[in-house]
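This report concerns only the one structure given below.
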Amino acid sequence: LFTSVQVRLQLLAGMSIRRASHAGSWYSNDRHSLQAQLSDWLGHALPEPCQQHQPSAVAVISPHAGLAYSGPTAAFSFACIDPSRFRRVFVLGPSHHVYLSSCALPSKATHYDTPLGKLAVDLSCVQALRQTGMFEFFEMKDDEDEHSIEMQLPYLAHVFKDHLSSVKIVPMVVGNLDDQTFQSVGGILAQYIEDPQTLFVLSSDFCHWGKRFRFTPYDKQFGQIWESIKQMDFEGMQAITSMNASAFENYLQKTGNTICGRNPIQLFMTAASKCKLRYQCHFLKYAQSSHCKSPNDSSVSYASAVFTPA
């Protein structure tokens, strides 16, 4: 009964809420347990070098696996954020289930729910982006199936807990863009990167290695399989720190590395190149879900990074 009353009140208020569909499986749906978990991870990440980036961070890269696996690494990204600086957060993530050749915005969601509170969508910004003609709609069902954006929201709700009434999000699913679309959408987003009250969160895991991912390259000169994976990931991280989107694309073509958020990262790099300011990227933490030693093993890599003015 309480839930049905809630739904009616939300409808009357004109709210369309994207459920926290992965709560209870990918992360805790208990508010207090989740708060304690996130606080603990952030507590371990807060010492240098994270705090030195708080006055200048404009974007972060954060993983999106289940929080038990990627949460400790993601903490290093969110520890770089000073919530008092921002009024808008773009959350860019890949699509794991629906093929897109462009970028997509929420079709009707006005709020994204989390166990820690609701995050309001910046509807005026979404409308302005739609009017450019460069964006598709992402239907609610597809949105709730997708995890790449949702997995950033518990940390955002926690870090912005004292600012939830003033901060708004712009969820954006980034598809497989061609060069022209990268350039066009990058040109649109550049103005938001230059806005000092706007933050970008780029949702991405790094290498997915193993037979279940159909990706098993192994260069024995670097040691065991997990060390070869690390070397390949570090080469990709170096390409990202170059802030040269073409260099990152060339790396992906050469290695085929299964960095699932490659398109959000490349889009941000392209957009940043069109800004008046120059930006730099600092990687803060790297981890793997397990250390692969046998061809029958599998792992996913996680990395956290922050972008600041150069």
Side-chain angles (χ1 to χ4, degrees), residues 16 18 21-22 59 61-65 89-109 112 121-123 125-153 169-193 198 200-208 213-215 236 239-240 243-275 300 307:
S16 178
R18 191 272 193 199
S21 51
H22 292 76
I61 295 174
S62 172
H64 55 233
V89 182
F90 276 77
V91 187
L92 275 56
S95 176
H96 289 86
H97 307 293
V98 177
Y99 179 81
L100 295 172
S101 58
S102 61
C103 296
L105 299 164
S107 62
K108 61 180 181 180
Y112 278 57
V121 176
D122 189 334
L123 297 177
C125 182
V126 168
Q127 181 61 22
L129 292 170
R130 284 176 177 168
Q131 289 176 347
T132 67
M134 293 300 300
F135 297 88
E136 296 183 39
F137 292 106
F138 206 55
E139 296 301 332
M140 186 74 85
K141 179 183 181 302
D142 296 328
D143 195 342
E144 291 183 345
D145 287 342
E146 179 56 55
H147 63 273
S148 67
I149 290 175
E150 179 181 342
M151 294 309 297
Q152 309 304 327
L153 303 186
I169 64 171
V170 182
M172 182 182 298
V173 182
V174 183
N176 295 312
L177 313 184
D178 59 27
D179 290 341
Q180 183 177 349
T181 307
F182 268 123
Q183 295 299 324
S184 298
V185 178
I188 294 169
L189 295 185
Q191 62 182 307
Y192 295 102
I193 295 176
T198 296
F200 279 74
V201 175
L202 315 176
S203 181
S204 182
D205 295 332
F206 274 67
C207 181
H208 298 63
F213 300 118
R214 299 181 182 178
F215 189 70
I240 294 169
M243 292 305 294
N244 184 326
S246 295
F248 183 50
E249 184 177 8
N250 291 338
Y251 158 81
L252 292 168
Q253 291 177 351
K254 181 184 78 170
T255 64
N257 196 1
T258 48
I259 300 174
C260 53
R262 57 192 176 275
N263 292 320
I265 294 171
Q266 188 172 342
L267 177 58
F268 179 83
M269 293 171 69
T270 302
S273 71
K274 298 179 181 296
C275 296
V300 179
F307 295 83

*Verify the distance criterion only: is there a donor paired with an acceptor across the side chains of S21 and E150 at less than 3.5 Å?*
yes
*Looking at CD of Q127 and OG1 of T132, how far apart are the two atoms once the value is rounded to the nearest 0.5 Å?*
10.5 Å
*With a 4.5 Å heavy-atom cut-off, do T198 and I193 have their side chains touching?*
no
*Looking at P264 and L202, what are the two nearest heavy atoms and their distance?*
O-CD2, 4.1 Å
*Does any N or O in the side chain of R18 come within less than 3.5 Å of the main-chain N or O of D143, such that one atom is a donor and the other an acceptor?*
yes
*Write down the atom of Y251, the atom of I259, and the distance for their closest heavy-atom approach.*
CE2-CD1, 4.0 Å
*Write down the atom of G261, the atom of S204, and the distance for their closest heavy-atom approach.*
N-OG, 3.0 Å
*Please tell me if the side chains of N257 and F215 come closer than 4.5 Å, counting only heavy atoms from C-beta onward.*
yes
*Find the distance between CZ (F213) and SG (C260) and round it off to the nearest 0.5 Å.*
9.5 Å
*Under 6.0 Å between ring centres, would you say that holds for F90 and F268?*
no
*What are the two closest non-hydrogen atoms of F137 and P106, and how far apart are they?*
CD2-O, 4.4 Å
*To the nearest 0.5 angstrom, please state how far the CG atom of L267 sits from the CE atom of M269.*
11.0 Å
*Q180 atom CD, neighbour heavy-atom count above 12 within 6.0 Å*: no
*asked:* Can you tell me how far apart OH (Y192) and SG (C275) are? Round to the nearest 0.5 Å.
replied: 12.5 Å
*Side chains of Y112 and P171: closer than 4.5 Å at any heavy-atom pair?*
yes
*Starting at NE2 of H97, measure out to CG of D145 and round the result to the nearest 0.5 Å.*
6.0 Å
*So, do F135 and V185 sit near enough that their side-chain heavy atoms are less than 4.5 Å apart?*
yes
*Work out which heavy atom in Q266 is nearest to a heavy atom in L252; give both atom names and the distance.*
OE1-CD1, 4.4 Å
*Using the side-chain contact (heavy atoms from CB on, under 4.5 Å) rule, take V170 and V91 through it: C-alpha gap first, then chi angles, then the decisive distance, then the call.*
CA-CA 6 Å; V170 182; V91 187; over 6 Å; no
*Using a 4.5 Å cut-off on heavy atoms from C-beta on, say whether the side chain of D122 contacts that of I169.*
no
_Under 3.5 Å, is there a donor on one side chain and an acceptor on the other for S203 and H64?_
yes
*Please assess K108 against E139 for the test salt bridge (charged side-chain N to carboxylate O under 4.0 Å, His left out), listing each intermediate value before the final yes or no.*
CA-CA 8 Å; K108 61 180 181 180; E139 296 301 332; over 6 Å; no
*Compare every heavy atom of D205 with every heavy atom of A65, then report the nearest pair and how far apart it is.*
N-OD1, 3.6 Å
*Looking only at side chains, do E146 and H96 share a donor and an acceptor under 3.5 Å apart?*
yes
*Side-chain touch L129/L105, heavy atoms, less than 4.5 angstrom*: yes
*Heavy-atom check, side chain of M134 versus side chain of T181, under 4.5 Å*: yes
*So do L177 and S101 actually touch side chain to side chain, heavy atoms under 4.5 Å?*
no
*asked:* With side-chain contact (heavy atoms from CB on, under 4.5 Å) as the criterion, how do N263 and F182 come out once you've worked through the C-alpha distance, each side chain's angles and the decisive distance to 0.1 Å?
replied: CA-CA 9 Å; N263 292 320; F182 268 123; 3.7 Å; yes
*Mind checking the CD1-CG spacing from I61 to L92? Nearest 0.5 Å is all I need.*
11.5 Å
